[in-house]
Enquirer: 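First the structure, then my questions, so here it is.
Residue indices begin at 1 and follow the sequence shown.
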Amino acid sequence: GDMLLSNASLFERPIKHFAQVITLTLHHFYITGEVEEDVDRYIELIHTLKTAEAHDKVYIYLNTPGGSLNTTIQICAAMQGSAAEVITVIEGEVCSAGTFIFLAGDHYIVNPNCSFMIHNYSHGIYGKGGELAKRVKFGEKYFNELARSFYKDFLNSAEIKEVCDDSDFWMNSNEVLKRLKQRE
């Protein structure tokens, strides 16, 4: 009888329960229009990416013709180094440097009826002849390495070579989704 009594008293005493509440922050940024050379415009985005917690989410909505490669590289580095989950979203048109930002995300949202364009870089430079030649040669090698790094698993090696040789690749939302599925 005593044994039954002690078991019964266990059921009357619930197990200890402790709740821990973690504040999840969702950040929303919109890159619309050209990605500008002035990085200052993107400092809040870059800083948020660098300081966000692992349980936070950062959404980056893109509708951009592309733009500054230097600014794009800094944004992508912050995305890739971020502890937060980074979700990139295609809204409208995403071209050129914008495709680097899109593909640097952890997860992707592709809205219907959008366009996505990958192409070789373009820039205007000035200076003395020898400086220009060195700059162009460096730019070509630099972009080819970037293209291989960002477009691997999205474009095949023949397509990456075509991009580096000046071909443009235009895709609609369905084509982008199909290629993203192949990466998984």
Enquirer: Test of understanding: with salt bridge (Lys or Arg N to Asp or Glu O under 4.0 Å), list the residues that count as partners of D165, not counting sequence neighbours.
Expert: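 Listed in chain order: K161.
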Enquirer: How close do C114 and G92 get, counting heavy atoms only, and between which atoms?
Expert: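 For C114 versus G92, the nearest heavy atoms are CB-O, 3.0 Å.
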Enquirer: Sub-3.5 Å donor-acceptor pair from the side chain of S96 to the main-chain atoms of G98, do we have one?
Expert: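 Checked: no pair found.
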Enquirer: For I15, which fellow cluster members are found when Ile, Leu, Val, Met, Phe, Trp and Tyr are connected by side-chain heavy-atom distances below 4.5 angstrom, either directly or through intermediates?
Expert: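 Members besides I15: none; it forms no cluster.
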Enquirer: Tell me every residue that passes side chain to side chain contact (heavy atoms under 4.5 Å, CB included) with K50, counting only those two or more places apart in sequence or in another chain.
Expert: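 Counting only residues at least two positions away or on another chain, K50 forms a side chain to side chain contact (heavy atoms under 4.5 Å, CB included) with I46, A78.
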Enquirer: Can you tell me if NE2 on H47 sees more than 12 non-hydrogen neighbours from other groups inside 6.0 Å?
Expert: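 No, because the 6.0 Å sphere around NE2 of H47 holds 12 heavy atoms or fewer from other groups.
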Enquirer: Are I31 and L26 linked, directly or through intermediate hydrophobic residues, by side-chain heavy-atom contacts shorter than 4.5 Å (ILVMFWY only)?
Expert: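 L26 does not cluster with I31.
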Enquirer: Is the shortest side-chain heavy-atom distance between M79 and T88 below 4.5 Å?
Expert: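 M79 vs T88: side chains touch.
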Enquirer: Evaluate the side-chain proximity of V94 to N63: yes if any heavy-atom separation is below 4.5 Å, no if none is.
Expert: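 No, every pair of side-chain atoms sits at 4.5 Å or beyond.
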Enquirer: Kindly state each residue pair satisfying ring pair (Phe, Tyr, Trp, His ring centres under 6.0 Å) with at least one member in residues 147-173, sequence neighbours excluded.
Expert: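 Passing the test, one end in residues 147-173: F100-F150, F100-Y151, F116-F154.
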Enquirer: For R148, what residues pass the salt bridge (Lys or Arg N to Asp or Glu O under 4.0 Å) criterion, not counting sequence neighbours?
Expert: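 Counting only residues at least two positions away or on another chain, R148 forms no salt bridge (Lys or Arg N to Asp or Glu O under 4.0 Å).
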Enquirer: Is there side-chain contact between C76 and I101, with heavy atoms separated by less than 4.5 Å?
Expert: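 C76 reaches I101 side chain to side chain.
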Enquirer: Let me confirm one number: the NZ-OG1 distance from K57 to T25, rounded to the nearest 0.5 Å.
Expert: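 It is 12.0 Å, given to the nearest 0.5 Å.
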Enquirer: Quick one: side-chain hydrogen bond (donor to acceptor under 3.5 Å, both in side chains) partners of H27, sequence neighbours excluded?
Expert: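 Expected list: none.
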Enquirer: The criterion is side-chain hydrogen bond (donor to acceptor under 3.5 Å, both in side chains); which residues satisfy it with K181, sequence neighbours excluded?
Expert: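 Scan of K181 (side-chain hydrogen bond (donor to acceptor under 3.5 Å, both in side chains), adjacent residues dropped) gives none.
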Enquirer: Consider only side-chain N and O atoms of S167 and H119, and report whether a donor and an acceptor are under 3.5 Å apart.
Expert: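 Judged by distance alone, the side chains do not pair up.
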Enquirer: Not counting sequence neighbours, list each pair that qualifies as a ring pair (Phe, Tyr, Trp, His ring centres under 6.0 Å) and has a residue in residues 73-97.
Expert: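 Those involving residues 73-97 do not exist here.
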Enquirer: Assess whether a salt bridge exists between E159 and R179, defined as any Lys/Arg side-chain N lying under 4.0 Å from an Asp/Glu carboxylate O.
Expert: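 Between R179 and E159 there is a salt bridge, with a charged N closer than 4.0 Å to a carboxylate O.
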Enquirer: State plainly whether one hydrophobic cluster holds both M171 and M117, where clusters connect Ile, Leu, Val, Met, Phe, Trp and Tyr through side-chain heavy atoms under 4.5 angstrom apart.
Expert: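 No.
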Enquirer: Give me the atom names and distance for the closest heavy-atom approach of A83 to A52.
Expert: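 The pair with the smallest heavy-atom distance is CB-O, 3.7 Å.
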Enquirer: Examine distances only and state if a side-chain atom of Y42 and a backbone atom of E36 form a donor-acceptor pair shorter than 3.5 Å.
Expert: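 Checking the backbone N and O of E36 against the side chain of Y42, a donor-acceptor pair under 3.5 Å is found.
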Enquirer: Residues in salt bridge (Lys or Arg N to Asp or Glu O under 4.0 Å) with E93, at least two apart?
Expert: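 Salt bridge (Lys or Arg N to Asp or Glu O under 4.0 Å) list for E93, sorted by chain: empty.
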Enquirer: Are L103 and L177 connected, step by step, through hydrophobic side chains (Ile, Leu, Val, Met, Phe, Trp, Tyr) whose heavy atoms are closer than 4.5 Å?
Expert: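 Yes.
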Enquirer: Might you confirm whether atom CG of N113 has over 12 heavy atoms from other residues, nucleotides or ligands at distances under 6.0 Å?
Expert: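 At most 12 heavy atoms, drawn from other residues, nucleotides or ligands, come within 6.0 Å of this atom.
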Enquirer: By the ring pair (Phe, Tyr, Trp, His ring centres under 6.0 Å) test, which pairs, at least two apart or in different chains, include something from residues 59-81?
Expert: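 Qualifying pairs: H28-Y59, H28-Y61, Y30-Y61.
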Enquirer: Taking side chain as C-beta onward, heavy atoms only, is D106 less than 4.5 Å from I87?
Expert: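 No, too far: nothing below the 4.5 Å cut-off.
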Enquirer: Answer whether the closest heavy-atom distance between the side chains of L62 and V89 falls below 4.5 Å.
Expert: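 With C-beta onward as the side chain, the pair stays apart.
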Enquirer: Excluding sequence neighbours, so at least two apart, what forms salt bridge (Lys or Arg N to Asp or Glu O under 4.0 Å) with E44?
Expert: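 In terms of salt bridge (Lys or Arg N to Asp or Glu O under 4.0 Å), with neighbours along the sequence ignored, E44 is linked to no residue.
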Enquirer: Among I118, V176, I90, whose side chain to side chain contact (heavy atoms under 4.5 Å, CB included) with T99 holds?
Expert: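 The single option meeting the side chain to side chain contact (heavy atoms under 4.5 Å, CB included) with T99 is I118.
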Enquirer: Can you find a heavy atom in the side chain of N70 that is under 4.5 Å from one in the side chain of E37?
Expert: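 Side-chain contact under 4.5 Å: yes.
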Enquirer: Nearest 0.5 Å, what's the CG-CD1 distance between L180 and I109?
Expert: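 Here the interatomic distance stands at 11.5 Å.
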Enquirer: How far apart are the closest heavy atoms of S173 and P112, and which atoms are they?
Expert: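 Smallest interatomic distance, heavy atoms only, reads OG-C, 3.6 Å.
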Enquirer: Measure the spacing between CD1 of I75 and CD1 of I60 and express it to the nearest 0.5 Å.
Expert: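 Separation between the atoms: 7.5 Å.
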Enquirer: According to side-chain hydrogen bond (donor to acceptor under 3.5 Å, both in side chains), who are the partners of K152, at least two apart in sequence or on a separate chain?
Expert: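 Here no residue qualifies.
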